[in-house]
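Accompanying notes for the structure given below.
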Amino acid sequence: MTNTQSNTIVFDDVSKFYGEILGVNRVNLTIAPGITSLVGPNGAGKSTLMNLMTGLLKPSRGAISILGTSPDRPDELFQKVGYCGGFDSFPPGVTGAEFISMYLSVHGFSRSRIEELTLKALERVGLLEAGNRKVAAYSKGMRQRVRLAQSIAHEPSVLILDEPLNGLDPMARAETIDLFRTIAREGLHLIISSHILQEVDMMSDAVVLLNNGYIVAEGDIHEVRDEMDDHPIQVLIRCNRPGYLAARAFEENIIVEAKLLDDRYGLLIRTRDPDRFHLALNRIVVEGDIEIETVASVDSDLNAVYQYLIGSEGSSI
Amino acid sequence: MSAATEAVQTQQGATARPWRHWLRQVAAIMRLEIRRSLFGKRATLIYLLAVLPVLIMLMLALFGTERTWTKTVTDGHGNVTSQSTMSRSGPMKDPATASVVFAGLFEGLIVRTVIFFGCAWIFMNLFRGDIVDRSLHYYFLAPVRREVLVCGKYLSGAVGSVLLFGAATAGSLFFFYYARGYSASAQFIFGGPGLKQIISYMAIAVLGCLGYGAFFLLIGLFFRNPIIPALLIYGWEWLNFLLPPFLKKISVIHYLTSLAPVPISRGAFAIVAEPTSAMFAIPGLLIVTIAVLAIACWRIRGLEISYGVD
């Protein structure tokens with residue numbers, strides 16, 4: 001086992017079929033430490049990839065290595081992996097603390113250690129006071145948090161989280177994202193699936209974009225954007241003379257599309273050559289005596305990237 | 001000591017002394033499962049089932065020995081014209097008849113009904129219950145070999161069923177001997193075949209739990225709706241007395257009844273087969289149980305869980 005293998009998650013030509021239905025196909029992927037988000041619409045293959053990583057599903061073809069361990073070895077794998085699945089289910093009748101401690105007991109920890117780890121996990125997700133209440137009486141957000149606590153209780157090196165922010169209120173969402181960042185700073189792998197692109201944008205070091213079981217793009221969000229040279233990027237400009245600016249830009253042949261916003265102060269343009277556009281923009285602004293309020297790249301957010309890559313509106317993902 | 005350090009130590013311990021580590025994990029799984037199967041709300045039915053033969057034996061002990069009553073005849077004015085004392089001997093009065101009655105009750109009620117359905121409920125729920133509750137993945141996401149999980153779950157079911165149905169058998173035997181009175185029972189147990197019979201009945205109950213338990217655990221792993229295969233097995237076991245000798249041997253009940261200390265009549269249509277001796281019946285049942293558990297281990301190694309949609 002090489003040093004790289006022992007510190008990365010590797011999918012080597014992995015496919016998964018459910019009978020004749022494709023789950024994921026020919027996935028080759030290497031995930032480094034940090035926060036990696038799996039993004040895609042329903043049926044894209046996000047949960048399939050996560051379940052393959054944790055051995056809940058077996059690949060039809062290919063091999064997976066989690067820090068050098070195969071998912072076929074749960075006794076070794078789950079010493080270092082924690083998984084918070086997307087399913088909101090619990091053993092009947094348990095309290096939050098019992099839910100965490102009962103599965104810690106299977107690890108082989110001592111009783112005092114189980115108690116200590118349970119309290120620590122509950123504290124990390126802000127459920128210390130509610131720990132002795134039945135899970136059945138928890139709100140959806142609390143259930144989400146106690147599942148998160150259960151997955152981090154044994155302090156794993158790899159944390160796999162399926163839609164971990166679902167059901168959380170804005171405050172809990174912000175706290176949970178902070179918790180993820182803290183965990184990632186400790187050198188852990190965090191693999192998160194989400195369809196809320198804004199959150200993915202906020203917290204991810206890398207993204208894996210999936211559609212219909214295939215990886216559409218992967219890497220740093222900005223690198224992914226750079227891969228799409230053929231696609232025009234969008235720039236939003238707020239100024240006092242948007243009509244003039246649009247006309248001049250067309251004359252210079254540096255944009256392919258311009259859209260005047262309803263408030264008459266905003267202009268959304270699409271260009272294939274952003275460097276040339278920005279140079280020309282300076283000249284046009286000076287020549288036309290235009291007062292610029294904002295120039296912002298709209299495409300650097302994941303929503304736009306996704307829209308380009310799979311031809312789907314980000315908001316509908 | 002951090003969790004990571006303790007996890008590393010646990011891992012090192014597991015590598016150096018895997019059996020000790022596995023035993024610790026089996027014990028942990030057993031604690032969780034026994035608590036759930038014996039002390040949960042779902043256990044109420046099992047308790048009712050287990051107490052049924054004890055109540056029937058209690059009734060037989062109280063009312064099935066000898067009944068005496070006085071018959072009085074009066075005229076139209078209420079004057080007694082004749083009075084006679086009558087008595088009727090119950091099935092528990094005569095020791096030989098009582099033994100046969102108990103043997104029939106033990107096989108028909110305790111083994112074929114209480115242990116069969118009790119084990120079906122307990123063992124099929126070990127995995128199927130988790131799948132229905134959608135909580136099996138929590139075990140699959142723990143650092144435990146799936147074979148160890150099968151062992152832990154099976155042993156928890158075995159302990160629970162042996163405790164419950166062993167107690168039901170012991171309770172039934174208690175009232176069986178209570179009906180005879182202390183001195184006759186003591187004489188029968190310590191001076192006659194009573195002690196051997198008690199041991200045989202208890203052994204049959206334990207072996208029944210182990211054998212049926214393994215089959216039902218396997219059924220719970222293979223079938224989404226395990227009731228139909230369980231009923232098919234029930235039918236096969238009930239019709240066993242009608243089967244030709246070689247088919248009789250493909251059943252649990254054949255080996256259990258071979259160990260019965262008091263033979264019972266199976267009716268005119270029964271096909272008689274030579275009972276299997278205890279020397280072969282007991283190890284044979286245990287070997288079959290282990291083989292069934294090995295299939296369960298093979299099955300669970302390939303078992304996939306997929307909750308929700310992508």
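Everything quoted here is computed from the prediction, not taken from an experiment. We name chains A, B, ... by the order of the sequence lines, and we start the count at 1 in each one.
Between chain B and the residues A:S193, A:P74, A:G85, the most heavy-atom pairs under 4.5 angstrom are made by A:P74. Comparing A:K58, A:M102, A:E98, A:K120 by how many heavy-atom pairs each has under 4.5 Å with chain B, the most go to A:K58. Heavy-atom pairs under 4.5 Å with chain A peak, among B:V144, B:L149, B:L303, at B:V144.
Judged as a ring pair (Phe, Tyr, Trp, His ring centres under 6.0 Å), and not counting sequence neighbours, the contacts of B:Y212 are B:F116. Partners of B:Y255 according to the ring pair (Phe, Tyr, Trp, His ring centres under 6.0 Å) rule, which considers only residues two or more places apart in sequence or in another chain, do not exist here.
Under a cut-off of 6.0 angstrom, the local environment of CG in B:L286 is crowded, with over 12 non-hydrogen atoms contributed by other residues, nucleotides or ligands.
In this model, a donor atom of one side chain and an acceptor atom of the other lie less than 3.5 Å apart for B:Y139 and B:E33.
Interface remark: B:L32 contributes side-chain atoms only to the contact with chain A (heavy atom separation under 4.5 Å).
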